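See structure below.
Order of the sequence lines sets the chain letters (A, B, ...), proteins ahead of strands, with each chain counted from 1. Treat the numbers as computed from the prediction; the structure is a model and nothing was measured.
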Amino acid sequence: MSVRVRFAPSPTGYLHIGGARTALFNWMFARHHGGQFILRIEDTDQKRTVPGAIEAIMDAMRWLGLDWDEGPDVGGPYGPYIQTQRADLYREWAYWLVEHGHAYKCFCTSEEVAKRRESRQGDQQAILGYDRHCRYLSAEEVAAKEAQGIPYVIRFKMPLEGTTTIPDIIRGDIVVDNGQVQDAVLLKSDGLPTYHLANVVDDHFMKITHILRADEWINTAPLHIHLYHAFGWDVPAYAHLPLVLNPSGKGKLSKRAQAFDDGGQQVLVKVEEFRDAGYLPEAVLNFLANVGWAFGEDREKFSMAEAIARFRLEDINPAPSRLPYGKLDWLNGQYIQEMESAALVEAVVPFLEKAGLDVSRDVLMVLADSMKPRLKRLSDAVDFLVFLRDETAEPLAVEQLVDKKLPLDAARAAFREALAIIQTIEPFSVDTLGEQLRAIGERHTTNSKAGPFLGKMRFAITRQRISPPLFESIVALGRERATARLEEAVKLLETA
RNA sequence: GCCCCAUUCGUCUAGUGGCCUAGGACGCAGCCCUCUCAAGGCUGAAACAGGGGUUCGAGUCCCCUAUGGGGCACCA
């Protein structure tokens with residue numbers, strides 16, 4: 001039988017990075033086994049559903065490259081893949097359970113349930129949650145309440161005694177006391193199912209073979225297992241994935257609360273934020289795959305094709321972890337370094353445009369090689385290239401153009417020669433400029449090394465203490481603008 | 001409060017009873033290279049939560065404690 005797994009987000013907003021990791025593991029597992037990866041939307045909570053969220057989630061997954069074989073947009077043999085469109089199915093099976101004595105109608109309002117729960121707070125024996133009040137109603141009482149038209153939910157009759165063991169691929173057997181699990185609501189009074197019913201019914205009819213979901217579901221797994229038993233269906237294999245924690249280590253990473261790292265820096269949580277910050281999808285995937293799972297052979301950087309080939313659920317580390325964001329920066333930088341120049345240029349253009357920096361692709365090509373080792377994120381290109389903007393050119397001071405190895409007279413002579421070179425050199429290229437300017441430097445510095453001169457020259461051209469290398473900067477600026485900036489330096493040195 | 005899961009350098013991890021004087025990566029520090037900043041190269045500091053067992057031998061198995069996390073909704 002072929003492996004079938006699913007990623008089942010609820011459309012409450014955007015794709016969360018922790019959710020992306022769950023999706024990634026499901027996807028890698030499916031691809032490793034040549035099985036199917038299914039995208040299912042769990043939108044049974046009408047209050048939390050936000051319009052546009054399904055598209056946003058799919059966009060984020062597409063950006064990452066996590067392609068699904070069946071889903072809301074592509075369909076598939078077991079659709080529909082949006083739960084609200086399968087409402088009748090859940091209702092049918094909920095009543096089937098009632099008829100077969102595995103579930104019951106509960107007429108308690110949430111307020112009553114909450115109130116009674118409060119009053120039991122002091123009782124150390126009682127579990128929190130529902131007290132099973134309606135489980136013991138007689139047939140007559142139920143009929144009477146129904147006749148009055150009192151709304152009800154359907155609750156599962158959880159076994160009161162014994163234990164349930166959850167065979168977990170990552171953790172081994174987990175044993176839970178049935179008494180710890182309450183009679184969960186299966187069908188809400190609005191006629192829609194809760195997660196518990198919907199996921200069991202769907203996983204069964206969608207022929208899901210392995211359930212890879214977050215750790216936070218362990219506690220309800222016994223309920224799900226008993227649901228399968230009540231229906232007489234096979235129980236899929238379980239693998240509960242470790243949670244992704246807040247960088248502070250306090251609590252799980254949530255999309256509802258903002259997260260901060262130890263430095264008080266706000267941390268990225270939505271997948272689209274990673275995209276907008278200038279991370280490459282390959283880097284994000286590589287980064288996520290390294291949390292809770294390791295490639296092996298002490299390798300940190302690997303392609304998804306390589307990862308898929310050796311991905312095994314058994315190798316997943318069950319301990320929860322924080323996302324090592326610093327490593328993502330490094331990884332992203334590594335991927336940028338390996339990019340083809342043309343690809344880097346294309347990738348960087350949207351970020352420059354957004355920042356109002358209008359730089360031609362030809363100019364970017366000149367700077368591509370010097371950008372590669374310097375960019376952690378694509379968005380860093382903006383700071384890297386601000387010197388190309390005329391308004392940002394700071395006025396010069398003589399002290400910035402001279403030093404011990406390049407005294408005033410030497411600087412004056414060297415800069416004059418450099419100006420002449422820049423005005424006339426042919427071709428106007430990185431190589432020719434480099435050759436000529438270096439020679440000038442060697443002739444005028446006290447230690448006969450080009451370095452001191454090139455440094456001053458670079459400042460005169462870019463007006464930035466930190467900037468791209470000199471020769472590329474000159475070419476990027478163009479002969480005219482470079483000449484203008486240099487003339488200013490020469491004038492300053494002459495009057496000094 | 002009750003239940004469940006977990007615990008190797010600051011962080012992400014390797015390790016499945018002897019190969020561990022515990023390996024890698026990021027970050028950090030130093031040096032080299034160098035027109036700045038990066039990148040790159042080299043070097044370094046840095047961990048088996050604690051206590052009991054089991055065993056000839058324990059980071060690896062068991063128990064307890066501690067700590068962290070998760071759950072106890074008509075949310076998923």
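Counting to the nearest Å, the P atom of B:C5 and the CG atom of A:Asn317 are 16 Å from each other. A:Leu197 places its CG atom 16 Å from the C1' atom of B:A73, with the value rounded to the nearest Å.
In this structure, B:C37 forms no base pair with any nucleotide, since neither Watson-Crick nor G-U wobble geometry is met with both distances under 3.5 Å. Under the Watson-Crick and G-U wobble criteria, each requiring two contacts below 3.5 Å, nucleotide B:A6 is paired to B:U67. The pairing partner recorded for B:G18 is B:C56, the criterion being a Watson-Crick or G-U wobble arrangement whose two distances lie under 3.5 angstrom.
An OP1 or OP2 oxygen of B:C75 is reached within less than 4.0 angstrom by a side-chain nitrogen or oxygen of A:Lys47. One finds a side-chain N or O of A:Arg155 lying less than 4.0 angstrom from the OP1 or OP2 phosphate oxygen of B:C74.
Side-chain proximity of A:Ile174 to B:A76, B:C5, B:U16: nearest is B:C5. For A:Val176, counting side-chain heavy atoms from C-beta on, the closest listed nucleotide (B:A76, B:C4, B:C74) is B:C4.
Taking the ring centroids of A:His240 and A:Tyr238, they lie under the 6.0 Å cut-off.
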Where do N or O atoms of nucleotides 65-70 of chain B meet protein N or O atoms at under 3.5 Å, pair by pair?
unit_1: B:G70; atom_1: OP1; unit_2: A:Lys252; atom_2: N; d: 2.9
unit_1: B:G70; atom_1: N2; unit_2: A:Asn219; atom_2: OD1; d: 3.1
unit_1: B:G70; atom_1: N2; unit_2: A:Asn219; atom_2: ND2; d: 3.2

For nucleotides 36-46 of chain B, print each protein N/O atom paired with a nucleotide N/O atom at under 3.5 Å, atom names and distance only.
unit_1: B:U36; atom_1: O4'; unit_2: A:Arg458; atom_2: NH2; d: 2.7
unit_1: B:U36; atom_1: O2'; unit_2: A:Arg465; atom_2: O; d: 3.0
unit_1: B:U36; atom_1: N1; unit_2: A:Arg458; atom_2: NH2; d: 3.3
unit_1: B:U36; atom_1: O2; unit_2: A:Arg458; atom_2: NH1; d: 3.3
unit_1: B:U36; atom_1: O2; unit_2: A:Ser467; atom_2: N; d: 2.7
unit_1: B:U36; atom_1: O2; unit_2: A:Ser467; atom_2: O; d: 2.9
unit_1: B:U36; atom_1: N3; unit_2: A:Ser467; atom_2: O; d: 2.6
unit_1: B:U36; atom_1: O4; unit_2: A:Pro469; atom_2: N; d: 3.3
unit_1: B:C37; atom_1: O2; unit_2: A:Arg374; atom_2: NH1; d: 3.1
unit_1: B:C37; atom_1: N3; unit_2: A:Arg374; atom_2: NH1; d: 2.1
unit_1: B:C37; atom_1: N4; unit_2: A:Arg374; atom_2: NH1; d: 3.2
unit_1: B:A38; atom_1: O2'; unit_2: A:Pro373; atom_2: O; d: 2.6
unit_1: B:A39; atom_1: OP1; unit_2: A:Lys376; atom_2: NZ; d: 3.4
unit_1: B:A39; atom_1: O4'; unit_2: A:Pro373; atom_2: O; d: 3.3
unit_1: B:A39; atom_1: O3'; unit_2: A:Gln337; atom_2: NE2; d: 3.1
unit_1: B:A39; atom_1: O2'; unit_2: A:Gln337; atom_2: OE1; d: 3.1
unit_1: B:G40; atom_1: OP1; unit_2: A:Gln334; atom_2: NE2; d: 3.2

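Cation-pi geometry between A:Arg310 and A:Phe295 is satisfied (NZ or CZ under 6.0 Å from the ring centre, within 45° of the ring normal).
Under 3.5 Å, the side chain of A:Ser321 and the base of B:C12 form no donor-acceptor pair of N or O atoms.
Atom name P, nucleotides B:U16 and B:G59: the rounded distance is 13 Å, in whole Å. Rounded to a whole angstrom, the distance from the P atom of B:A49 to that of B:G23 is 16 Å. Nucleotides B:G27 and B:A38 place their P atoms 12 Å apart, quoted to the nearest Å. A distance of about 14 Å separates the P atoms of B:U11 and B:G68, rounded to the whole Å. When the P atom is used for both B:G10 and B:A47, the distance is 7 Å, rounded to whole Å. Nucleotides B:A14 and B:C26 place their C1' atoms 15 Å apart, quoted to the nearest Å. A distance of about 41 Å separates the P atoms of B:C48 and B:U34, rounded to the whole Å. Only the C1' atoms considered, B:U8 is 11 Å distant from B:U60, to the nearest whole Å.
The two residues A:Pro72 and A:Leu39 have their closest heavy-atom pair at CD-O, 3.5 Å.
Counting only N and O atoms by type, the side chains of A:Gln46 and A:Thr49 include no donor and acceptor under 3.5 Å apart.
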